[in-house]
Number of protein chains: 2
Amino acid sequence: METGVEEAEASRPLPIARIVAPRSVAVVGASDDVGKFGGRVIHYLLKHGFPGLILPINPNRATIRGLPAYPRVSAAPAPPDVAILAVPAASLEAQIADCAAAGVGACIVITGKLAEAGPEGAALQDRVLAIARGAGMRLVGPNCLGIFNPVDRAMLSSSLALEEEGYAPGGIGMVSQSGALMGTLLSFGRHHGARFSRCVSVGNQADLALEDFLAFLVEDPATRAIGLYIEGLKDPPRFRALLQGARAAGKPVFIVKAGRSEAGAQAARSHTASLAGAFPAFEAICRDAGAVVMEDPQTLVLACDAAIRLPPWPAPGLGLAPIASSGGSTVTFADMMPGAGLRLAQMSDATRAALARWMPETHVALPVDTGSFHEGTSGDGLSDCIRAFMADPDVGAVVVPMTTQPDMAGRTSLFPPLARDGGKPLLYLMTAGAVGDASRDVMRAADFPFFDRMSDALAVARALDAAAAGRAVRIAPVRPECAGPSPALPRGSLTEGEAKRLLAAYGIPVTREASAPTADEAAAAARRIGFPVVLKGVSRAVVHKSDLGLVRLNLRDEAALRTAFAEVAAALECAAQGASEGCVVQEMARGEAELFLGATQDSQFGPMVLAGAGGVLVEFLQDVAMAPAPLSLSGARAMIEGLRVAPLLRGLRGRPPADIDAAADALMRLSWLAADLGPRLAELDVNPLILRAAGQGAIAVDARATLTEEVTT
Amino acid sequence: METGVEEAEASRPLPIARIVAPRSVAVVGASDDVGKFGGRVIHYLLKHGFPGLILPINPNRATIRGLPAYPRVSAAPAPPDVAILAVPAASLEAQIADCAAAGVGACIVITGKLAEAGPEGAALQDRVLAIARGAGMRLVGPNCLGIFNPVDRAMLSSSLALEEEGYAPGGIGMVSQSGALMGTLLSFGRHHGARFSRCVSVGNQADLALEDFLAFLVEDPATRAIGLYIEGLKDPPRFRALLQGARAAGKPVFIVKAGRSEAGAQAARSHTASLAGAFPAFEAICRDAGAVVMEDPQTLVLACDAAIRLPPWPAPGLGLAPIASSGGSTVTFADMMPGAGLRLAQMSDATRAALARWMPETHVALPVDTGSFHEGTSGDGLSDCIRAFMADPDVGAVVVPMTTQPDMAGRTSLFPPLARDGGKPLLYLMTAGAVGDASRDVMRAADFPFFDRMSDALAVARALDAAAAGRAVRIAPVRPECAGPSPALPRGSLTEGEAKRLLAAYGIPVTREASAPTADEAAAAARRIGFPVVLKGVSRAVVHKSDLGLVRLNLRDEAALRTAFAEVAAALECAAQGASEGCVVQEMARGEAELFLGATQDSQFGPMVLAGAGGVLVEFLQDVAMAPAPLSLSGARAMIEGLRVAPLLRGLRGRPPADIDAAADALMRLSWLAADLGPRLAELDVNPLILRAAGQGAIAVDARATLTEEVTT
């Protein structure tokens, strides 16, 4: 009854804000025994001071924890906003039906062994969902750990993390596809003084999904930074739009995505397919929308917290200024920075002068060892130097890696005001064990973050830098002149010539070529094009021509060309398996460097472009950048300049720099090609794009493409 | 009075074992006030139960902490084994002189502002050292934090780390050039239940150096693993020998070396100089001797502890088996593994069968989510699966990333016996905050390591794998046939021809070549060698020939050669700056791949060889391996096979594999060349060495070298 469902949904959709902060909660399976799921749920509601009405549901008890109990939800005096179900899978369907009948707004289903356990569980989950949909009742879960909302003291969860005392409200909003991981992170964050707004474990997302709660957090006034643990998306385009919304709202988003390493494990079939695995596209979309993808869930929480409780990292690409009284700790911290993608700041003259007031000129350098301060000055000197770093335009953040020392706690109290006044992050590291606890307590009391690990502080600094890049202004892509439309092209693998015609239609320079059915025609074509030339054997059946002897480069004269023609024609006969398209003669392009450009269609996010090291390097150097299409010229240029091979393009050892502008223009045009063809373009590779010296252009020398359907103009 | 000093040293050298475990200790500057250095030293001696005689030294007090005090050390009834001095720099010289006169065995000098503070302090340090040397008295420090010896309850330090209660004795020996960092690590380690044997802060190493204490720890029966924090070595060859000694003694050594990032910062002048910075050579020496160089001092301590308290990682290169009840935590852990240089294990059929007893066949995969176990079986199932992994030949260690869950502490107690019985490391991760403390206490009580961070467990797994590689049997280098001696060669930069004669003398194949003063002679040489040929202009003044138009490849006939000769001769005239050596004609070598091979002289460790990606790649890919010369053939092969470009050598996309054996032979021979020439060879590059298809050899196509002195045969 499709219509009935629609009506019911329209009549009773409890908004997410009410699910997260319900006025009344039924606990199905409530118990006095905190060893049971339902016992813990009611215990935690009480323990954390839930201000609304609690309805324990238990057919065998008149009261639970002193509250009147009811045999079923439908027996309660009024339907609650939310029912929490932690019942065995076998009784779930009946309980959900009762909730639906009673008029419950939403069920939080902690019960597991549903879709995640196999086909039987999936069928049960479908039946449960159908009951809920039929009644317009929302579901969180199943197989979730519920909702954690310190802002409204609504701890709707059985997570053991709620054993901790006093989760004070704060600004970190989280959505997690792993409940156990989320609970762990709450407890981990609490150790550091991090505070949360609303955290939701979404479980199997039968009804409400991560995207729904993300949408809520983007709008939620209590939430100032968002942390996501994602296994897979239900609605990728909506997810992308929500990240853009968070960016517009000034809320940084930090994400850990499970399955990163799967991308690496995918068999390398053809270039683009092996490089365009799900994770790289996901990461590209997040970067494009200003969100920060991290590796480690623990540092994810610390990054969210730092983004809220520390002043902002001013701009992307700035350096760090480590300063402490232990040379050993500052130097080892500085040594770990390059591996984390971070660098030391370049001190300004003013900063150098400030340091020179406190220490011998010979010791003025980063990292700063305050042990070299003139005797008796280290307290004032430390503050003064930190103020100088805070004012230094190349400093992104100051790092203080404390080691055991006299009056650690007293020294610690210096830092929060210095960070506040300086207006930049100060990353305070307390790497000792219990002997550092007094210092940690000072920071908790000052509402200031601290780090226990050098590696944590490094990961957070990297994330804050990336968040600054995420905030930076983006130039909107604008279609260039002479970009499209595509010529008519057949379905399937294109020949090199067809692929190049497609490129040329978007204004991407390609090598001149002429087909050459005979040696005489090849010679004539070569005379027109001008020696030296390239001879290629063409077949739709061959992907890697050079491996099969079908490419002969640098043919300098007619004799060489005729010899090569005989050889290539023979090889083509052999390799083409009846799909020979004959030989072509091409212009021999030379340049300073080469790149690989690619376009592909991500199954979740649509058209994407890639740029990477050219030639055979693309196969084993993992030096590929990806971005959603279309791109602005500056976006294309940033992709290329971020490659590890970029120094090669800029001209090594006095060689002329390559024409990066022309390469960026070609990539930008390729991005419009990919955007226009959309899912009709399965993949397109330009390998190599040869870059001539700066100002002299770039040219596509080889190209291949696959279309999923015919393109008609 | 050189002789007098020698005599005094001979008559009174207190052995390090007695310095580390003295029978009597004088505390100069002793005080009742624990706010003062000397007050803390005496407080910590008493607090940690020093069993020997304590002599407080203070001119103004009759007793301190209830012990009889003396105005100076020489006034004590008998000279103590050790005096600890935490006096101002101004009074240090007089106090040292008094200790020397009194017959003290060794002084631990905590006092700072000596050599590390500038020339004035350095002069004072020299005078203090001269006094000590003159009396045969040993010095630890100055500018150190002393010695920490829980085995003998001798805590001879003012480190605040001694505020912690009860450092039980254990097997970790440490030597650190940073006292504050060491104190921090002791406290950090204690949190994890790690236990130490003897830890020494060596400070400025005026007399006793890191190498001296390392020698002691290698022999010390209480020490089972060694951690070193190194800023710079005093005696590199002895250090190397001591690492080899530790390896022979079965004691793993883990090292953090400060200044790693300097290597990256060095300006890239010529290849070898930029690649052969101090850190890479240090790391190569350590790896060769079986020691493990790490980045992070915190994980250094955890690695030492894991090496002692866990069963050994069986063999290098094995995989990890993550298993836990949270899919989120096991998957994110697995995702972080490749970045840490680790991989998942490949399950054996027996392991798969064991897992299939507890979970649906469809879920049998690594990482294991015990949430997918059949209902009601997770306790037994977890143990059973861990047993299966322990027995699996591809498993190096089992990892259990716990998240918040019911009965965490009870579950935790399962693991120590499983690790003991299984005989492999089990890395137990408790990532929650305070809610995990009961589990941490279970592990402390069971004397079993735990980790608070995924990143810590990853770094330790990597270190244990590296330690297993360090234990592996090494094949001793044996000089091959036809290796040397060197021909007579001049001092300074060699020409390509000279460098190649040197290579040829060690049996490394080089391209045939002939000098060609005129175009006619070039043509005659080319006919002898056979077309195609290479023409090069030679000058001692030119390092990078191809940048200046002095190299012409692939000249196919005499006409092409003559044209090229005219151009190259003109370019040479221009570039050679009067140092022209004329043109040479060379065989044109072709192959499947190319490598860079190099030899250099490390200022600390002597002759080293390098191998890396060939051609222009060596400039910006940091894909270079280094090892001390000479090398065995298997050592040379391992270097090449460990390169990131190795997949290219093995044959990508059906290309024939390159002759890695021949490249390894060339590298091994180059290592003997480097070892024979020793410091006379400043550097030698072979770039490229062209590798033909497997079985067809490798050939040095270009080479350059610099000698610091003339070589005569």
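Here is how names work: the chains are called A, B, and so on, in the same order as the sequence lines, proteins then strands, and each is numbered from 1. Remember, it's a predicted structure, so these values are computed and weren't measured experimentally.
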Closest non-hydrogen atom pair between B/Ala180 and A/Thr403, with its separation
CB-OG1, 3.2 Å

Greatest number of non-hydrogen atom pairs under 4.5 angstrom with chain A, of B/Gly339, B/Gly328, B/Ser176, B/Ala161, falls to B/Gly328

First locate atom CZ of B/Arg453, then atom CZ of A/Arg453, and finally report the distance between them rounded to the nearest 0.5 Å.
4.5 Å

Measuring from A/His374:NE2 to B/Lys113:NZ, what's the distance to the nearest 0.5 Å?
8.5 Å

Straight-line distance of B/Phe188 CZ to A/Asp452 CG, nearest 0.5 Å:
8.5 Å

Taken to the nearest 0.5 Å, the spacing of A/Met294 CE from B/Met336 CE works out to 9.5 Å

Please name the pair of heavy atoms, one in A/Arg40 and one in B/Pro406, separated by the smallest distance, quoted to 0.1 Å.
NH2-CG, 3.4 Å

To check you understand the geometry: which heavy-atom pair defines the closest contact between B/Gly259 and A/Asp335, and what is its length?
N-OD2, 2.6 Å

With rounding to the nearest 0.5 angstrom, report the CD to CE distance, B/Glu163 to A/Met408.
8.5 Å

With chain A as the partner, which of B/Asp456, B/Thr431, B/Asp296, B/Leu145 has the greatest number of non-hydrogen pairs under 4.5 Å?
B/Thr431

For residues 178-194 of chain B, the salt bridge (Lys or Arg N to Asp or Glu O under 4.0 Å) pairs (sequence neighbours left out) are B/Glu164-B/Arg190

Interatomic distance, OG@B/Ser455 vs CD@A/Glu295, rounded to 0.5 Å, equals 10.0 Å

Is there a side-chain contact between B/Ser329 and A/Thr184, using heavy atoms and a 4.5 Å cut-off?
no

On a heavy-atom basis, the closest approach of A/Ser187 and B/Val435 is OG-CG1, 3.4 Å

Part of B/Ala434 lying under 4.5 Å from any heavy atom of chain A:
both

List the atom of B/Ala258, the atom of A/Val331, and the distance in Å for their closest heavy-atom pair.
CB-CG1, 3.5 Å

